[in-house]
Amino acid sequence: MLGGAGLVGANVYASATEGWGDGSGTDASARVLSSGMATIDCPDVGSRLTDVPDAARADVDRELAALDQQIAAAYQQVQQAARAGGQDDGSTEETIMKPLEEKRSQSIGRISDALGRAGERPQGLDDLAVCTLRPGDDGQAPTGTGGDDGRQGGTGQGQDGAGADQGGDAQGQNGGGQGQSGGGQGQSGAGQGGNGPVVSDYADITAVTPDAPAPPPRADASRGTFTSDCGVNANGLFNSDNVIVAPGVSNGAHHFHDYVGNQGNTAFASDEDLARAGTSCADQGDKSSYYWPVLRLQNGTQERDAGAPGGGTEGNAGRIVTPKEVALTFVGNPRGKVTAMPRLLRIITGDAKAFVNGPGNANASWSCTGYEDRQLKDKYPLCPQGSDVVRTFRFQSCWDGRNIDSANHRTHVAFTDADGSCPAGFQPIPQLVQRIVYDVDAPSLADGGRTVPLFAVDSFPEQLHKPVTDHGDFINVFSENLMREMVDCINSGRTCGASADDGSATTPTPTPTASAGATAAPGAGSTEENGGSVTSPPAPSVSRTGGAPRHDATTSPARTTKHDTDDKAAPAVSAAPRSTPARSAAAPASSATAPASSATAPAPATTAPVPAATAAAYSPPAARTEPQASQGGLAETGAHLWPAAIGTLLAMSGLFMLLRARRMRY
């Protein structure tokens, strides 16, 4: 009787958790996906292009985006082959890798042709066409950090050899559980999308060695801070574009971004569009665009982007988590005064392809509240109960004095040296420090996230959601007056901006401005049928204290003047203009809807399906939770419960025999 009951319980439990029980993740049919994840390793062509004439920029950007699309498509083929039972090495080489090489050769040839027409034809690009299939690791990697503790040290990273290693700390990958040969993909989970994260991507923050304290600033340092409060993206403004790296290309990022600040950022936004757009920032003089890959909770939730490019079709699955807090703080230089950023300056920190490129440009760091003297670069943190996950970006703070962008989006800016000085030919500008806090629990690694789900950032599909691929993007659209005020505040050692309000006031809701092509998200009700997508800026969050990073600074009275209409086109500092690619005609903007007020999850929106044609500028609305185990039909579920039926018969037979034995007289 007891054995039969045990068989019933074991079988019912196993069936109820099928697909998540081993943490390997499942597809829509609840089939277990392989956690020995292979990936495709291709040389990054864009990082090699340090000098692209303006006349060739549009053609080069388009072909670089095509290269990313080719890799994503080939990676999907690799995944499909694995689900179908795999292919031998020869078959994979012939059906996936050789066609990929041919397509890359054609795109690289067109890049060379474009550069040749505008100037000198580059040498050696053809050698970058060949990719390799990096096999999955079938061994369990250690979950701890080693050697360097995988820590970032709270400082900048290498910047193609210029101004590298701010703070002087090594960024060793040893013992980090991933390495550059494909190691570290443990067998304890493949994630909801089948391409990560895995158990070895996490580390206990309490076991990480605290960072060495930063050297004290010099007497003439610029010690002030300026904070801009732009909310937490509570209205859910998302898209999978990247106007810096892939202008004019839908789904150029192949993963979704959170946007705060400027509400008109899409792949097709020109500089003029960004200047005209609304902003979620409390101070309307800040129309800058701040964006980063979304964080997802891989709990089986099907967001509305589950079947869209940039979302589920490219391995980015699970519930999008709205940050609990976002602090945007500009700090000074430890050696001297800073100068104003040029208007429309573009800065990218981190490397979205660091898993295959190597960690040279990786720069995001992860920690937990209460433990922020310990920073991780190649691990997600496991935070103690009551502690929140903290994600930090420190942007480059040296500018070449001429360009607002560069061909590889890196060489026009640099990190300071260890002593805080800028490389020769560069000048210090305010350093943007983004601190993003999430209320997510430490996942249960023993069962691959079945009990407490895994979390990870969106990534290119072949980058396997590795934390080392995290990155942040910034476009400066401060008004001339507000930028001047920021520089004066920082250089004079004051504390200014939203954080100077002592957390006692609620910032006003900005006036929405319709922008053609702006992407609405949950709560905004954007559909293609409406003739375009517009978004109302969300109400900025209540000003918070203690959230922003601080230098030693003397406080001053809070700034109360808001620059509601100061949008002068003249830049605070003259800079070489950025050529804007031809922009496709946008449909007329529809009227904007009121933003959602929830700060913890995307708010409900329209239930109209998202057409495939709008996938790139697509906005995932409210999620519907569908655990993977519940997606089979009733007959299919019952087919897996025959051991439970046998157990029921055994239990009933045992009970009958027990009752009969009690009545018998011996």
Heavy-atom nearest pair, S397 first then C422, reads O-SG, 4.2 Å
Rounded to the nearest 0.5 Å, the SG atom of C383 sits from the CG atom of D441 at a distance of 9.5 Å
Under the criterion side-chain hydrogen bond (donor to acceptor under 3.5 Å, both in side chains), I'd like the reasoning laid out for Q463 against T469: C-alpha separation, chi angles, the key distance, then a yes or no. CA-CA 7 Å; Q463 300 297 314; T469 66; 5.7 Å; no
Are any side-chain N or O atoms of Q375 and backbone N or O atoms of D373, one a donor and one an acceptor, separated by less than 3.5 Å? no
Any luck finding a side-chain donor-acceptor pair between E372 and S367 under 3.5 Å? no
Side-chain donor/acceptor of T227 to backbone N/O of T329, under 3.5 Å: no
Taking all non-hydrogen atoms of both residues, which atom of S47 and which atom of D44 are closest, and how far apart? OG-O, 3.0 Å
Within the 4.5 Å heavy-atom criterion, are P323 and V437 side-chain neighbours or not? no
In sequence, state the C-alpha distance, the side-chain angles, and the governing distance for I436 and W292, and then conclude on side chain to side chain contact (heavy atoms under 4.5 Å, CB included). CA-CA 10 Å; I436 309 169; W292 52 82; 3.5 Å; yes
Mind listing the closest non-hydrogen atom pair of R435 and E325 along with its distance? NH1-OE2, 3.4 Å
Which residue is it: Q396, M341, R346? I am looking for the one with a side chain to side chain contact (heavy atoms under 4.5 Å, CB included) to V413. Q396
Check: D241 side chain, V243 main-chain N or O, donor-acceptor pair, under 3.5 Å: no
Could you walk me through whether D470 and K377 pass the salt bridge (Lys or Arg N to Asp or Glu O under 4.0 Å) test, one step at a time? CA-CA 9 Å; D470 199 11; K377 182 189 73 172; over 6 Å; no
Rounded distance [0.5 Å steps], CD1 in I348 versus CG in N242: 5.5 Å
From I244 atom CD1 to I347 atom CD1, the distance as rounded to the nearest 0.5 Å: 9.0 Å
Please work out whether the ring planes of Y202 and Y380 are parallel, tilted or perpendicular, with thresholds of 30° and 60°. tilted
Nearest non-hydrogen partners of I490 and P430, listed with the distance: CD1-CB, 3.8 Å
Rounded to the nearest 0.5 Å, how far does CG of N476 lie from CZ of F395? 12.0 Å
Between L345 and R343, does the side chain to side chain contact (heavy atoms under 4.5 Å, CB included) criterion hold? Intermediate values first, please. CA-CA 6 Å; L345 174 69; R343 189 172 171 85; over 6 Å; no
Is the shortest heavy-atom distance from the side chain of F238 to the side chain of D258 under 4.5 Å? yes
Check whether any side-chain heavy atom of K466 lies under 4.5 Å from a side-chain heavy atom of P197, and answer yes or no. no
Kindly say whether G420 contributes a backbone atom to a donor-acceptor pair with the side chain of D417 at under 3.5 angstrom? no
Are the side chains of H412 and I404 in touch, meaning some heavy atoms are under 4.5 Å apart? no
For Y290, what residues pass the ring pair (Phe, Tyr, Trp, His ring centres under 6.0 Å) criterion, not counting sequence neighbours? F474
Verdict with reasoning, S289 to Y259, per side chain to side chain contact (heavy atoms under 4.5 Å, CB included): CA-CA 7 Å; S289 184; Y259 288 87; 4.0 Å; yes
Smallest separation among heavy atoms of H257 and A253, with atom names: CE1-CB, 3.5 Å
When you look at S406 and N403, which way does the side-chain hydrogen bond (donor to acceptor under 3.5 Å, both in side chains) test go after all the steps? CA-CA 7 Å; S406 51; N403 302 296; over 6 Å; no
When you check the gap from the basic side-chain N to the acidic O, do R276 and D271 get nearer than 4.0 Å? no
Using only atom types and a distance under 3.5 Å, with no angle test, would you say the side chain of D273 pairs donor to acceptor with the backbone of S270? yes
Do S492 side-chain atoms and C489 backbone N/O form a donor-acceptor pair below 3.5 Å? yes
What's the separation between atom CG in L295 and atom CZ in F455, rounded to the nearest 0.5 Å? 6.5 Å
Would you say that M486 contacts C496 through its side chain, given a criterion of any heavy-atom pair below 4.5 Å between the two side chains? no
Would you please test Q431 and F330 for side chain to side chain contact (heavy atoms under 4.5 Å, CB included) and show each step? CA-CA 5 Å; Q431 182 183 35; F330 295 85; over 6 Å; no
Short question: side chain of T225, backbone of T495 - any donor-acceptor pair under 3.5 Å? no
Rounded distance [0.5 Å steps], SG in C230 versus CD in Q434: 9.5 Å
Of all the heavy-atom pairs spanning N265 and Y291, show the shortest one and how long it is. ND2-CE2, 3.4 Å
Judged by modelled atom types alone, do D286 and S228 share a side-chain donor-acceptor pair under 3.5 Å? yes
CA sep, side-chain torsions, deciding dist, call: N363, T349, side-chain hydrogen bond (donor to acceptor under 3.5 Å, both in side chains): CA-CA 6 Å; N363 191 46; T349 192; 2.4 Å; yes
Non-hydrogen side-chain atoms of L376 and P467 separated by less than 4.5 Å: no
Is a side-chain donor or acceptor of N233 paired with a backbone partner of L237 at a separation under 3.5 angstrom? yes
Determine yes or no for a side-chain-to-main-chain donor-acceptor pair under 3.5 angstrom, with R394 supplying the side chain and V433 the backbone. no
Show your reasoning for whether ring-ring contact (aromatic ring centres under 6.0 Å, His included) applies to F460 and H255. CA-CA 6 Å; F460 283 94; H255 53 265; 5.2 Å; yes
Distance-only side-chain donor-acceptor flag, S479 / N481, under 3.5 Å: no
Apply side-chain hydrogen bond (donor to acceptor under 3.5 Å, both in side chains) to the pair T279 and N262, showing each step before the final yes or no. CA-CA 4 Å; T279 178; N262 198 288; over 6 Å; no
When you compare the side chain of V440 with that of L297, does any pair of heavy atoms fall below 4.5 Å? yes
Decide yes or no on salt bridge (Lys or Arg N to Asp or Glu O under 4.0 Å) for K379 and D201, but give the supporting numbers first. CA-CA 5 Å; K379 300 288 181 185; D201 290 329; 5.7 Å; no
What's the verdict on salt bridge (Lys or Arg N to Asp or Glu O under 4.0 Å) for D419 and R335, showing C-alpha distance, side-chain angles and the deciding distance? CA-CA 8 Å; D419 63 355; R335 290 178 60 93; 3.2 Å; yes
Could you check whether any side-chain N or O of N316 sits under 3.5 Å from a backbone N or O of H254, counting only pairs where one atom can act as donor and the other as acceptor? yes
Under the salt bridge (charged side-chain N to carboxylate O under 4.0 Å, His left out) rule, what pairs show up with a residue in residues 421-434, not counting sequence neighbours? none
Between R494 and D488, is the salt bridge (Lys or Arg N to Asp or Glu O under 4.0 Å) condition met? List the steps. CA-CA 9 Å; R494 294 179 288 127; D488 178 68; 2.7 Å; yes
